[in-house]
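Below is one structure; the comments refer to it alone.
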Amino acid sequence: MVTTNPEAPSQETELKIVEDATCTFCGCVCDDIELTVENNHITKAKRACVLGKAWFLNHEVEDRPSCLIDGQPATVEEGYDLAAKILTDGDYPIIYGLSDAPCEAQRKAVGIADWIDGTIDTTTSVCHGPSGMAFQGVGEVTCSLGEVANRGDMIIFWGSNPAESHPRHFTKYSLMPKGMFVPNGRKDRTCVIVDVRKTKSANTADIFLQIKPRKDFEALWTLRALAQNIELDPALVLEETGVELAVFQDLMDRMKACKFGVIFFGMGLTMTRGKHCNSEALLALTRDMNAYTRFVAKPNRGHGNVTGADNVVSWRTGYPFGVNHSRGYPRFNPGEYTTSDTLANREADCGMMIACDPMANFSQPAREHLASIPYIALDTKITPTTRAAKVAFSVATYGINTGGTVYRMDDVPIPLRPSCDSPHPSDFEVLSQIEKRVQAIIASR
Amino acid sequence: MSDYIKIAGGTIHDPANDIDGAVRDIWISGGKIVNPPEDPSVKPSRTIDAHGLVVMPGGIDMHCHIAGPKVNVARKMRPEEKRKAEVIERTAITHSGTMGSVPSTFATGYKYAGLGYTTAFDAAIPPLGARHAHEEFDDTPCLDKGFYVLMGNNHYVMRSIQQNEPQKLKAFIAWLLRSAKGFAPKLVNPGGVEVWKHKQAGNVHGLDSEVDHFRVTPRQIVSQVTQAANELGLPHPVHIHCNNLGMPGNWETTLETMKALNGHKGHLTHIQFHSYGGGDGDEDTFNSKVTQLADYVNTHDNITVDVGQVLFGETTSMTGDGPLGYFLSNVYGGKWFSGDTEMEAGCGITPIKYKNKSLVHALQWAIGLEWYLQVEDPWRVVMSTDHPNGGSFLAYPQIIRYLMDRQYRKDVIKTCHPRVKDRCTLGDIEREYTLNEIAIITRAGPARILGLKNKGHLAPGADADITVYTPHENKETMFELPRLVIKDGQIIVDQGDIRHPIQGKTLHIEPEYDTGVEADIQEWFEEFYSIRWRNYPVDASYLHESEVVPGR
């Protein structure tokens, strides 16, 4: 279900303003952008951050075929047919990516994975997958971002550098807003940054804890112990974490004394030594703090709709990522069914890469294997992954050319307001066409 | 060839039309039940021989949790129960899925249909998550679906009450229901969730506790939302999860809530969880107060209830009642999810297990059954497990057996904690439900309570949602595997096999309201919400197949 916004300008329109457009560049999913569109080209993106401006203003519709087969121009129909054949011929098909596609397209992708007894995985497996696993262990105490804006008086960022990754995070949600119960905005909030280096975000902090690299787990458990008033050896704490026990104690005292504490955490926590154990320690600490005051935690998700991908895969299969259908029903096992593993283990024999670039950022064994199998790629631009694909579709850009739904990092679904046209089909259209053909092949067997 | 289908010679249970076991033919055309063609030469294109079979309208679950933000969180949170659960394999026409206490979307649709249910309502959607619920509905086949919109802790609701602005309150309720494309107003622990959001272990503790900052009481929220919703003429004016769920002694809060309706139409949900005597959190004092509450219900016909039956075994508790989630997570000590939604609502999720040897759990089980058996008018008590809170919807056939077979009930009481018998009246109740009464509490009654004029009955004009059962002495056996399930005139299930997984439609309402209030709502909204006013309402593209249910 991707609809064209009736407000979207037609080709003849010289100048068009699109209000409250949604930026899908990062997990903040700011939906207050005012776009000026001149001759089907975005010339202004009011209220967008530096990353959002780059996203909107650099948007170009490149004059190239919507479909390439073996690098040669082909019709999309030929592409759909061949894609369906590849996916249904394989013994171990994998579908991966999804985090920069709207939910409507994601639903089609999961559907295809089901029809072909394939494996579906998203970029969650290489970012906050460990947080998802930790969540399954301890749960999560969390809230929507408006709660942070309206109530949060102690804001902690752990292994996350929003000043550079989510530039409007501070101003829109976490530090600056004058909220219902924090009427003076920044003055009513204490900002704490915990990281292994002095990031740009650290300049904003009232308190900065620079812990030793790869020691997040130890630092978090130090706080968990202090929350329970357990005595610790100051020398050992300093040696293990690089931070004085007294500093942790001061932080814990402030955490207990605040009214509504929030911990945002990033890949500096989830993808360093300890991985899901780190996330689990942080989520457990947050839960512990609710014995004293209100405290919540929230992963600072990166891609525009990675949160939507988690949701869609979960509601259709019961599991958030890394889901295998080879027995005809969903099974979940991160480390086995996650794409970096199905490729590096040389198990996958065909695949479809949607809005992702594993040929640029996966391990060498995984890249080598991907290059050796027939796969389909969908992207808005030419990437190492599209170049090595058997079938490559150039697709329209979600949020700029196409509508649909995106989930913000706090699971709030937000509609897209497309602003200009694209000659290329949407992900939704391509995946719908492939699904139809896949179903026809399955039915004929 | 006509497009008529005839269900021939079935034994019909259609209590809404006073048909109790008569042998009749039912004619279907265009997805509706119709009169037989006047021209006797017109033959049906298909005749279903239902001689010896029992025919009822399709089942209606008026209170379950099957879609939206918290249901999906529960799916994500509980991989451990899926691998040991029944697997739902893909077929040439159906998707695969997973079970456990919180099935995936497709599995939910197939399993409801497999039980003869054709309509279900999710009971607790925060409006900010409404779009999510609609997306999941689109992936939940075989059912007509709708949801109730959480508003018992909504800031605008509380503000309008505090400022004594009943017209604003009324307009807001209608605006919110339309924005969410929802079906009914839902109050969950009115006022209590807001206190939870800003105070450690915060909650309200009775109808007259004041909600900090807003200076309103739960009683005011219940009374005024109920009055406004009744004045709006909503098909299902208000659906209430009372304060103090699960707490010993909470029956008094429940009784006060009933009184706070002030004679207006109102529905109290999962009433089982709100019918406890005893006090001070002392397990030894825990007992049933169903008799006292059922007496009140029996003498006040503005009140309807659904039960929220507890079944023994493992499940997942999920609730819009944030402080309850915190309480349960401390009781059970397992993983815990809590999610507060700005301006609107809360949410708590934790795995739980009901044990027959636990006095409290066994009493909860018994108290649920007491409710079915002590409300005299079956039109005002509805079958529910509050899926998955008391247990899965898949337990409905078992509950039917409890109600139709007193010996089975008595046998199970014997396996429970020995003191249960002394703390409730269940062991002394001889009443057994008839098939017609089962048809009332599972379809005709909920249809009437929900204001669904085209559902829950088999007269011409009704939706052709029909379940055909093979009679069996063991009613659990009879109800767990319908012979046929027909939805919108199409056979969707044949002896447990999904034949035609149609989409089903979304049921929602569009109440009229004073649009002059919108500017005030917008001003409030823009001050405090984290998304834009224009991006808040759910547009028609999310509805796909849908129907606007008219007001009363």
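Every heavy atom of this structure was used, including side-chain atoms; hydrogens, water molecules and symmetry mates were not. The model shown is predicted, which means the values in this text are computed figures rather than measured ones. Below, chain A is the first sequence line, B the second, and so on; all start at residue 1.
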When H95(B), E136(B), K335(B) are compared by non-hydrogen pairs under 4.5 Å with chain A, the top option: H95(B)

Close side-chain approach of F260(A) to K197(B), heavy-atom, < 4.5 Å: no

By side chain to side chain contact (heavy atoms under 4.5 Å, CB included) - contacts of K46(A) (at least two apart): E34(A)

Part of P69(B) within contact of chain A (heavy atom distance under 4.5 Å): neither

Full working for side chain to side chain donor-acceptor pair (under 3.5 Å) between Y407(A) and E135(B): CA-CA 12 Å; Y407(A) 285 53; E135(B) 287 201 290; 2.7 Å; yes

Test item: R532(B) and I414(A) side chains (from C-beta on) under 4.5 Å apart, heavy atoms: no

Aromatic Y319(A) / basic K82(B) pairing, under 6.0 angstrom, 45° off normal: yes

Most chain B-contacting option - heavy-atom pairs closer than 4.5 Å, from I442(A), N290(A), V412(A): N290(A)

Contact class of V71(B) relative to chain A, heavy atoms under 4.5 angstrom: neither

Pairwise distance CD(E147(A)) to NE2(H198(B)) - rounded to 0.5 angstrom: 11.0 Å

Structural part of I93(B) lying under 4.5 Å from a heavy atom of chain A: backbone

Under 3.5 Å: donor-acceptor pair, side chain of R294(A), backbone of Q200(B): no

From CE (M180(A)) to NE2 (H155(B)), nearest 0.5 Å: 5.0 Å

Rounded distance [0.5 Å steps], CG in L145(A) versus CD1 in I531(B): 11.5 Å

Residue E523(B) excluded, over 12 heavy atoms near CD under 6.0 Å: no

N/O donor-acceptor pair under 3.5 Å between D340(B) side chain and S144(A) backbone: no

Salt-bridge contact D31(A)-R534(B) (side-chain N to carboxylate O under 4.0 Å): no

Reported CZ-to-CG distance for the pair R287(A) and N330(B), which is rounded to 0.5 angstrom: 9.0 Å

Full working for side-chain contact (heavy atoms from CB on, under 4.5 Å) between E80(B) and Q136(A): CA-CA 9 Å; E80(B) 72 280 5; Q136(A) 293 171 338; 5.8 Å; no

W315(A) side, atom CH2; F137(B) side, atom CZ - distance, nearest 0.5 Å: 12.0 Å

Which portion of M343(B) sits near chain A, non-hydrogen atoms under 4.5 angstrom: both

Side chains of S104(B) and T317(A) in contact at under 4.5 Å (non-hydrogen atoms): no

Approximate separation, where rounding is to 0.5 Å, of D410(A) CG and E342(B) CD: 7.0 Å

Interchain contact, Y326(B) with chain A, by part (heavy-atom threshold 4.5 Å): side chain

Top of F106(B), W196(B), W533(B) for chain A proximity - count of heavy-atom pairs under 4.5 angstrom: W196(B)

Selection from D411(A), D117(A), V296(A) maximising heavy-atom pairs under 4.5 Å formed with chain B: D117(A)

Audit row: V87(B), R327(A), side-chain contact (heavy atoms from CB on, under 4.5 Å) steps and yes/no: CA-CA 10 Å; V87(B) 298; R327(A) 288 191 185 163; over 6 Å; no

Salt bridge K76(B)-D310(A), side-chain N to carboxylate O under 4.0 Å: no

Carboxylate-amine/guanidinium contact E194(B) R151(A), below 4.0 Å: yes

side-chain contact (heavy atoms from CB on, under 4.5 Å) assessment of T405(A) paired with Y542(B): CA-CA 10 Å; T405(A) 312; Y542(B) 287 89; 2.5 Å; yes

Heavy-atom pair of closest approach, residues P330(A) and G97(B): CD-O, 3.4 Å

Side-chain touch F332(A)/T98(B), heavy atoms, less than 4.5 angstrom: no

Side-chain touch S96(B)/H325(A), heavy atoms, less than 4.5 angstrom: yes

Heavy-atom side-chain contact between F337(B) and V141(A) under 4.5 Å: no

Any donor-acceptor N/O pair, N72(B) side chain to N311(A) backbone, under 3.5 Å: yes

Choice from F295(A), Y292(A), Y173(A) maximising heavy atom contacts with chain B below 4.5 Å: Y292(A)

Contacts of type ring pair (Phe, Tyr, Trp, His ring centres under 6.0 Å), residue F264(A), not counting sequence neighbours: F157(A), H169(A)

Shortest non-hydrogen contact from T91(B) toward W115(A): O-CZ3, 3.6 Å

Top contributor to chain B contacts, counting heavy-atom pairs under 4.5 Å, from A291(A), A149(A), G111(A), G132(A): A291(A)

Which of K259(A), K178(A), R316(A) touches chain B most, by non-hydrogen pairs under 4.5 Å: R316(A)

Any donor-acceptor pair under 3.5 Å from R90(B) side chain to D114(A) backbone: yes

Residue T293(A) versus chain B: region with a heavy atom under 4.5 Å: backbone

R408(A), part contacting chain B, at a heavy-atom distance under 4.5 Å: side chain

More than 12 heavy atoms of other groups within 6.0 Å of K256(A) NZ: yes

